[in-house]
Amino acid sequence: MSEQALKVVIDEELCKQCELCVAICPVHVLRISSKINSKGFHPAELFDNEKCISCGFCAMTCPERAIAVYKPEVEKA
Amino acid sequence: MSEQALKVVIDEELCKQCELCVAICPVHVLRISSKINSKGFHPAELFDNEKCISCGFCAMTCPERAIAVYKPEVEKA
Amino acid sequence: MKIVYERPKTLEKVVNHYCPGCHHGILHALIAEVLDEMKLADKTVGVAPVGCAVMAYNYLDIDWIEAPHGRAVAIATGIKLAHPDVLVFTYQGDGDAASIGLAETLYGAIRGVNVTTFMYNNAIYGMTGGQMAPTTLLGMKTTTSPYGRDPKREGYPVKMAETIALQDGTAFAARSALFNPRAITETKNHIKHAFELQMKGEGFTFIEVVGTCPTNWGMTPVEASEFAKNEMVKTYPLGIKKDVKGSETR
Amino acid sequence: MKIVYERPKTLEKVVNHYCPGCHHGILHALIAEVLDEMKLADKTVGVAPVGCAVMAYNYLDIDWIEAPHGRAVAIATGIKLAHPDVLVFTYQGDGDAASIGLAETLYGAIRGVNVTTFMYNNAIYGMTGGQMAPTTLLGMKTTTSPYGRDPKREGYPVKMAETIALQDGTAFAARSALFNPRAITETKNHIKHAFELQMKGEGFTFIEVVGTCPTNWGMTPVEASEFAKNEMVKTYPLGIKKDVKGSETR
Amino acid sequence: MTRNLVVAGFGGQGVMLLGQILALAATEKQLNATWLPSYGPEQRGGTANCTVVISDEEIGSPVVDKPMYTIIMNNPSMEKFEKMVEPNGTVILNSTLITMEPKRTDVNYLKVPANELAEQAGSQRSANMVMLGVIGWLWKDIFTLEELEQAMVEKVGDKRPQLVETNKKAIELGYEFAKNII
Amino acid sequence: MTRNLVVAGFGGQGVMLLGQILALAATEKQLNATWLPSYGPEQRGGTANCTVVISDEEIGSPVVDKPMYTIIMNNPSMEKFEKMVEPNGTVILNSTLITMEPKRTDVNYLKVPANELAEQAGSQRSANMVMLGVIGWLWKDIFTLEELEQAMVEKVGDKRPQLVETNKKAIELGYEFAKNII
Amino acid sequence: MSERILMKGNEAVGEAAVRAGCRLYFGYPITPASEIAEYMAYRLPQVGGTFIQAESELAASNMVYGAAAAGKYAMTASSSPGISLMQEALSYMAGAEVPGLFVDAVRGGPGLGDIQAAQSDYFQLTKGGGHGDYHLIVFAPYTIQEVINIMPIAFETAFKYRNPVVIAIDGLIGQMMEAVEFPYFVNPDEVPLPNWALSGKFRHGYKKNVNTSLELDPEKLEAINWRLQAKYHEIEEKEPRYDYVGVEAPETLVVAYGTVARVTMSALKKMLAEGKSIGLFRPITIWPFPGKALAQKAVNAKRIVVLEMSAGQMIEDVKLNVFDPNKEYEFHGHPGGTTFTPSEIEQILRG
Amino acid sequence: MSERILMKGNEAVGEAAVRAGCRLYFGYPITPASEIAEYMAYRLPQVGGTFIQAESELAASNMVYGAAAAGKYAMTASSSPGISLMQEALSYMAGAEVPGLFVDAVRGGPGLGDIQAAQSDYFQLTKGGGHGDYHLIVFAPYTIQEVINIMPIAFETAFKYRNPVVIAIDGLIGQMMEAVEFPYFVNPDEVPLPNWALSGKFRHGYKKNVNTSLELDPEKLEAINWRLQAKYHEIEEKEPRYDYVGVEAPETLVVAYGTVARVTMSALKKMLAEGKSIGLFRPITIWPFPGKALAQKAVNAKRIVVLEMSAGQMIEDVKLNVFDPNKEYEFHGHPGGTTFTPSEIEQILRG
Ligand SMILES: Cc1ncc(C[n+]2csc(CCOP(=O)(O)OP(=O)(O)O)c2C)c(N)n1
Ligand SMILES: Cc1ncc(C[n+]2csc(CCOP(=O)(O)OP(=O)(O)O)c2C)c(N)n1
Ligand code: SF4
Ligand code: SF4
Ligand code: SF4
Ligand code: SF4
Ligand code: SF4
Ligand code: SF4
Ligand SMILES: [Mg+2]
Ligand SMILES: [Mg+2]
């Protein structure tokens, strides 16, 4: 698995900048970005892919279901 | 108190011949009479004033409140 | 001769339209007795329902209004807020209070409106000729449950006293009956207590009264009273379900 | 990479009209996830309310109808009896299900109709701009309880899950929430269980979901979620209130 | 041919049934018939009446305010309906129960001791059937006695078979009574 | 004298407040004024606009479809309102946010860098007040600067006193800006 | 061939609905419509149908709304106060284009009134008792047989135009008995489910069905309304029904519907037999009102007599359609549940 | 002297009611009427009044019914779908002769529709949306100030005739702001309790008060109805209100009410200034409809232009009252919540 593959993919057009994902992330690897989407919101972004534990909490909590979460396979195999 | 004074006085025009008083009287001194009132009902009547214990059950039970009940005063005094 | 029982003053001396042996008449009389005892007839407004008791206004010598079917508690709320010092009660059938008027009745309890509601539970729609009520017992045949009330088809009997008791604005909720002198006395006590609570502003007071409908049950009045005592109370257990002033006043 | 979470198929990929951080979106997604998992999208009809969720029909890829305010369960009853094999659910606000529609909702439970009702409890009328709901907490200020909800004036919060649980036709009644992953998971389990019970014809299933309304609570979404977790649940304790198949399936 | 009839009495006297049997008998004969009930404002008890129209043409109004025939079973109904009958019409009255004196001179009165005859037949409750027999005689141009009895059996037989015989006897007694006095 | 104006922008840009302050200032001067809001079909967010009519006569329609003046705060509103303005009317546009090029030749455009000026005043949120200042200059025959500021204070002062100073500064910047370029 | 049976009007309503293919009845008891519910409670289980006693008329009408939106023939019956409670649902159904059958056994009003036959719901039914610009299609039969004949047409019309339909009767029609025949029996399994029906069954290919009366964009809502108006105009063109008995171009034109028309028949026939220049125009649909036909019949009339068991409601439609100030308009009414008698009508007609 | 204050229409409705002496408000939120409730929730406690948020419009209307039967000024406000839910209560109140004030902020329908200003409840309000022969008295003011001026009259009229009264507005009037003044303040303690009021207070001497709309004897109910009709006729004689702006006997007579009339004003004044023979007839009461006055104004008119924010409802009353087939009747409507613009109207009027 390549180092770059993101564990958390956020659909920026769906995001409404509610920050619920940011608040819920147990390892604090999400934040609101400085980008702006077509509705005028600053979408959330993952800033530390490494630390993300792929717990899925952010996705479950996101009211917009703007987040997809992936887990590296057989990483420790 | 005169022997004749009735303990139970039934307003025959109010009576609807439901027999609830007859059924409830603990000493069975009420019955449906052969008289007929202007609505075509045979009103209830007291047939044994002596035995009546003035308990008032018949009056309490009568849906028409057609019954008044009296108790001889200081009878045993 | 000492008076043991005489017709209460507030009960108008007219022949009512109820069928022979119907318990509606007993409940009317009990309310009249309590109003007499509490000397409240001059400051009471009754709300009559749509149901057999629709013309209750002809029988109690107090001010009355006849409410649209099921809306008695809403009407009562309007009256009470217009005259907070007046005793206001609704007199309703089970269909009126628990079917079409379920929301209004429950909101009396939720809102804690200072009015008293009587719900005459005869397990039937009497006035309209014997259709199923929300309170019809399982298995009972009515004109709209001709095959007997089957819960899969016609649902379950609704338990109003318990449901009302669950709401926080309820000051008093009880279920009583009229099938014998003891039950009648109990009911009268409840009425008095409820009216007292209302006058003290304690909240919504509710008395579900298990009655009879000899006509639509196809029974004689005596049989109907027996049925109420032996069968109705199995589905509708009597008793006080909630009383905010229970310990103090009883 | 293994998929931990992807947007459910039945959730249409459009931007919804809910305010940022509103929990309505989470509840939508959970229903979509369960429909996906149970492969029911092709045999489901949703009933949208009048309330913030009025346009829910734009967000889940199933057949929908938009019911008059409060009448969702009546509409659902009609649909279910027309197509008994179809999964029917109503998605309602607290005002819709517990105020104007109280009778209809309760009769779903009394009648034991095989439909599932979601009641999103945000303690407010969201769509109309923040008026008091039947579920508004005591002390809460809203546009129609500007001095804070005082039970003497505005009555008490209504406890739907408990009231529904009391009715005999209820197969399942629970209250859950969406303020953290654990609550969300619990809610999803309830949804699945309720849908299963419905498909088995066990009776009425009801899930009261404690949500948020950041906009009308005047809070940020994160604050609102905290408020739901810390304050709402005091008045609205979470948990299963009734489950006819509790032992078997859970 | 068009005939109409009002039957009036107390709720319990079977006036509705009487009318229905006539309407049924007519229908079975492929005639047109309407039966229209009317209940007093009292919800229970009180007086009741029904109007029957029988015709071989299409029936206009099922409401009839000047009936050709009336069967009157009690005093209150006498009060109300005697005056309505069409001039030259026929008033059949239950002389067992009606104590009021007939007031009109332009109609025919037929006094039938219906309850007494019914008692002879086996039950006072069949007084209505006595009246059916009377109408049967008067309308013998339309119905045979058997046709009326047949209609009665259809109406009553299923629910209360025990009444069939008494009713038949009552119908026949009424029929005979009418035959003899007219 | 009758003036009318449409103010259009995003929900959050304070276009409603701007209109209300003008209506209030007019009312205080014993002029007649109507303020009419209009929200898009979206329940939340989206565009919004209001129409203000000020007159010394009785006001006819509060609905105006060909406004004499418009204040346009963003691109979507430019799209919608530019074409509505009355020939020879005035379009005041927020040049900080509006990237669209003016299309008409029969109206006067006034480009105001409202957000920038507001920032100078202390907060971008006062861009609406900059525009109020601009209108103040254009309508100086009706209002003095003080009257507008006074109306602003009445509207805002109670609820958000901390905004009063910034707003005042923004109004003045807008007024000066208009004065200098016209 | 169907046989003639003597039947009560209310029972015939139920039987006709069953034979027209209706298997879903949602009702709340009210005199004089309760017998319809009672008949259905007994009859529907026999044919695999469902009878539900709803908790209220609000619920009943919304259950019909749901079932009809699911593509099925569904109905309810009530009487005036109950119909008032259905106004929101009716407006919604018209707006969302949902068919569904409503029987109104009109009784004396206003308020609780009485339980006798009346026609004072005319405005409520024809002008839209609910909010917004919409119309119900309203049949007003005058005999039990006509109720029966109309029943399948009523369902078909409802589904054809996707609009709620009302059959207005009264306690007199409901409680009387007359020999009737049922010349049809529709097997509901053979009525195809329309493709707009909610059921998930038409969802394949991601074309889900959505039924709603909401449109927050006023321009779009206006467009929807004009489309609805076009539909109503089409119905006004194609669906008015009436009956006329009398001379070709009468001097006296009587207008009456339902029970009143039937009571009028006796006097009318008498006068026609006498050679009077008279005729009875009887709307069978009161919306769409057969206004063009009426105007035509009225061309030579000097006197137009409108008879209603109300204080005067249909008379407005009569005048609007005849629209000629040079005629004499005469109204006779009975509000409150009393019925015209044949002699009274004869007297009126003789003038 | 009262001062001029800039106020929102909906708030003015509330303040006007308070100043007219109303201390009881029962309401259920609905856009665009919610602000009236919100204002009352805030305002009534300040003056010792009571605001209740009812559980529904059914409950709200019946609370008004109860409070008004108890002899007090009581009111509610709602919008079209909510008004549909009040039809039973309205019919009952009319039947039982109970006053009470209802505000309908009419919005686009049918069904859920939208929340914009509309006039498509005209039929529902004026023809009796509920069952039975009855009428509501309906005011349709066209400015906030007119709402304020009408408020005390509305309550007085309701009590004078013991009949429910409606003030029909819309979201445009409700949400706009304009300078208004309140030239009155009625102290509710000085409004005497009418002797029919339920309260026990008039019971002395065994003349208890009973309020009911039930009368099972049809003859008696008919008599009650004729008495009610006589009352309605009296109201039709005495209470119609209208406004007219234009030349004495115009060639073009425009008929419009409420918001539409106001929007028409601009174009009208322009054309009058140009010397056109035109006039605007504006009903202020839509029931009783000022038909006689309209007919008079229409005498010389060739062209009668009716403008409504509906698909055409008041036009029926216009035609019924002018009742002249030789005039040209022109209808322009906006159903669904869109509003006429001044230029559109100008174009229409210029023909
Ligand atoms: C809106 C409305 N729906 C229905 C009715 C008909 N109706 C009159 S009384 C009644 C039910 C009566 O039953 P219940 O309340 O149990 O009282 P009971 O007669 O048994 O005492 C019904 C359905 C009505 N009058 N109004
Ligand atoms: C008959 C009727 N009454 C009132 C309304 C206005 N209305 C729309 S949504 C709503 C309440 C919404 O609150 P809730 O059900 O709690 O849903 P939420 O918006 O909070 O999710 C109301 C009162 C309406 N549309 N129809
Ligand atoms: S998956 Fe878990 S750890 Fe990773 S960003 Fe989301 S919440 Fe944080
Ligand atoms: S939870 Fe979703 S919508 Fe909210 S900030 Fe995160 S990604 Fe955006
Ligand atoms: S008073 Fe008691 S004992 Fe006497 S008759 Fe009545 S019930 Fe019987
Ligand atoms: S209980 Fe009353 S009504 Fe019944 S029989 Fe006895 S006296 Fe008569
Ligand atoms: S119908 Fe039943 S409830 Fe009604 S009066 Fe008769 S017995 Fe009593
Ligand atoms: S108003 Fe409240 S409930 Fe409605 S979408 Fe916004 S946050 Fe959610
Ligand atoms: Mg009952
Ligand atoms: Mg809510």
Side-chain angles (χ1 to χ4, degrees), chain C residues 47-57 64-72 74-75 93-106 124-136 140-158 160 216, chain G residues 8 10-11 14 23-63 76-88 105 107 109-115 171 174-175:
Chain C
V47 183
V50 178
C52 280
V54 69
M55 291 191 294
Y57 50 72
W64 278 99
I65 183 167
E66 192 287 305
H69 193 29
R71 317 302 166 202
I75 294 270
D94 42 7
D96 197 68
S99 186
I100 191 170
L102 180 60
E104 285 78 6
T105 313
L106 270 174
I124 202 91
Y125 281 16
M127 187 194 203
T128 42
Q131 295 82 13
M132 189 180 75
T135 45
T136 293
M140 229 186 198
K141 285 187 186 172
T142 70
T143 59
T144 52
S145 60
Y147 304 103
R149 184 175 190 170
D150 175 348
K152 280 282 149 201
R153 202 173 39 218
E154 283 107 7
Y156 292 86
V158 58
M160 277 300 274
N216 289 299
Chain G
K8 245 193 165 184
N10 277 336
E11 294 180 354
R23 291 294 177 275
L24 292 162
Y25 184 99
F26 306 93
Y28 188 78
I30 186 167
T31 310
S34 299
E35 287 167 328
I36 303 174
E38 292 171 2
Y39 186 82
M40 293 304 245
Y42 148 83
R43 185 74 170 94
L44 280 174
Q46 297 178 340
V47 290
T50 305
F51 166 85
I52 294 281
Q53 182 168 319
E55 58 272 29
S56 68
E57 289 86 353
L58 268 86
S61 51
N62 281 289
M63 288 172 185
T76 187
S78 189
S79 177
S80 313
I83 299 293
S84 287
L85 290 172
M86 297 181 176
Q87 293 307 321
E88 191 198 24
R107 65 188 234 186
L112 192 47
D114 65 16
I115 56 178
Q175 280 170 351

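Below, each value reflects all heavy atoms present in this structure, side chains not excepted, and no hydrogens, waters or symmetry copies.
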**Request:** Tell me, for G/Ile115 versus chain C, whether the close heavy atoms (under 4.5 Å) come from the side chain, the backbone, both or neither.
**Result:**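 G/Ile115 has no heavy atom closer than 4.5 Å to chain C.
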**Request:** Examine whether an atom of G/Pro32 lies under 4.5 Å from a heavy atom of chain C, and if so say whether it belongs to the side chain, the backbone or both; otherwise answer neither.
**Result:**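 Contact with chain C involves no heavy atom of G/Pro32 at all.
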**Prompt:** Is it true that a side-chain atom of C/Ser99 and a backbone atom of G/Glu55 form a donor plus acceptor pair closer than 3.5 Å?
**Reply:**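 The answer is yes, because a donor-acceptor pair under 3.5 Å joins these two groups.
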**Message:** Which atoms of C/Glu66 are under 4.5 Å from chain G, going by heavy atoms: the side chain, the backbone, both sets, or neither?
**Reply:**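 Interface part for C/Glu66: side chain.
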**Asked** Is there side-chain contact between C/Gln131 and G/Ser34, with at least one heavy-atom pair below 4.5 Å?
**Response**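 Contact flag for C/Gln131/G/Ser34 side chains = yes.
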**Request:** Compare every heavy atom of G/Ile30 with every heavy atom of C/Thr128, then report the nearest pair and how far apart it is.
**Result:**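 C/Thr128 and G/Ile30 have their closest heavy atoms at CG2-CA, 4.4 Å.
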**Asked** Of the non-hydrogen atoms in C/Arg153 and G/Ile52, which two are nearest, and what is the gap between them?
**Response**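 For C/Arg153 versus G/Ile52, the nearest heavy atoms are O-CD1, 4.2 Å.
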**Asked** Roughly how far, to the nearest 0.5 Å, is CD of G/Glu57 from CD1 of C/Ile100?
**Response**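 C/Ile100 atom CD1 to G/Glu57 atom CD measures 4.5 Å (nearest 0.5 Å).
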**Request:** Give the ring-plane orientation class for C/Tyr125 versus G/Tyr28, where under 30° counts as parallel, over 60° as perpendicular and anything between as tilted.
**Result:**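 Perpendicular.
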**Request:** Answer yes if the side chains of G/Gln53 and C/Glu154 hold a donor-acceptor pair under 3.5 Å, and no otherwise.
**Result:**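 Their side chains do not contain a donor-acceptor pair, so the 3.5 Å distance test is not met.
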